[in-house]
Amino acid sequence: MKGLLTMAITTFVTLKTKDGCFEEFYNLAKKELAFTRKSKGCKSILVSTNRETNTLKFVEFWDNEVSFSEYFEQRVERSGADFERLLKGLPEIEHYATQNWGYEH
């Protein structure tokens, strides 16, 4: 059995923008998604949004938590000032082991 740090993970990231900042953050995130997608260990990323609650939810598939952590350090260096200016609080980040039960198309 593979160790937790080496198995594929699904990462859920929830971000809430400050009032009046949703569109600016949305456009920034959309532009910056290419950086995330090119990061070592990133397999796929999906984004869901709710403008009424100023919420963006990212579902990200990574090789492992180490890959995500390395990426996130770079993300903070690259976008930390924008996060602080536009977001309400810190991102909520959750990691789960990815299970493939063979139901994909």
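Just the heavy atoms: all of them, side chains too, but no hydrogens, waters or symmetry mates, feed the values below.
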Show every donor-acceptor pair shorter than 3.5 Å between a side-chain atom in residues 45-52 and any protein atom, with sequence neighbours excluded, or say none if there are none.
unit_1, atom_1, unit_2, atom_2, d
Asn50, OD1, Glu52, N, 3.0
Asn50, OD1, Thr53, N, 3.2
Arg51, NE, Glu23, OE2, 2.7

**Message:** Do Arg78 and Phe35 form a cation-pi contact, if we require the NZ or CZ to be under 6.0 Å from the six-membered ring centre and within 45 degrees of the ring's axis?
**Reply:** yes

Reported [atom1]-to-[atom2] distance for the pair [X] and [Y], which is rounded to 0.5 angstrom:
{"X": "Gln74", "Y": "Ser79", "atom1": "CD", "atom2": "OG", "value": "11.0 Å"}
{"X": "Leu87", "Y": "Leu56", "atom1": "CG", "atom2": "CG", "value": "8.5 Å"}
{"X": "Phe68", "Y": "Glu73", "atom1": "CZ", "atom2": "CD", "value": "10.5 Å"}
{"X": "Asp82", "Y": "Leu28", "atom1": "CG", "atom2": "CG", "value": "5.0 Å"}

Give me the atom names and distance for the closest heavy-atom approach of [X] to [Y].
{"X": "Arg85", "Y": "Lys18", "result": "O-NZ, 3.3 Å"}
{"X": "Pro91", "Y": "Val13", "result": "CB-CG1, 4.1 Å"}
{"X": "Asn54", "Y": "Asp19", "result": "ND2-OD1, 3.0 Å"}
{"X": "Thr36", "Y": "Cys42", "result": "O-CB, 3.5 Å"}

**Prompt:** Are the aromatic ring centres of Phe12 and Tyr96 under 6.0 angstrom apart?
**Reply:** yes

**Asked** Do Asn64 and Ser67 meet the criterion of a side-chain donor-acceptor pair at a distance under 3.5 Å?
**Response** yes

**Asked** Does any pair with a residue in residues 87-103 pass salt bridge (charged side-chain N to carboxylate O under 4.0 Å, His left out), and if so which ones, sequence neighbours excluded?
**Response** none

**Asked** Please, which pairs that meet salt bridge (charged side-chain N to carboxylate O under 4.0 Å, His left out) have at least one residue in residues 33-46, sequence neighbours excluded?
**Response** Lys43-Asp63

**Side-chain touch Phe61/Ile9, heavy atoms, less than 4.5 angstrom** = no

**Prompt:** Can you check side-chain contact (heavy atoms from CB on, under 4.5 Å) on Phe22 and Thr55, steps first, answer last?
**Reply:** CA-CA 8 Å; Phe22 183 89; Thr55 304; over 6 Å; no

**Asked** Under 4.5 Å between side-chain heavy atoms, hopping through other hydrophobics if needed: is there a path connecting Leu33 to Leu15?
**Response** yes

**Message:** I need the single residue from Glu60, Glu65, His95 that forms a side chain to side chain donor-acceptor pair (under 3.5 Å) with Thr11. Which is it?
**Reply:** His95

**Request:** Give the ring-plane orientation class for Phe83 versus Phe72, where under 30° counts as parallel, over 60° as perpendicular and anything between as tilted.
**Result:** tilted

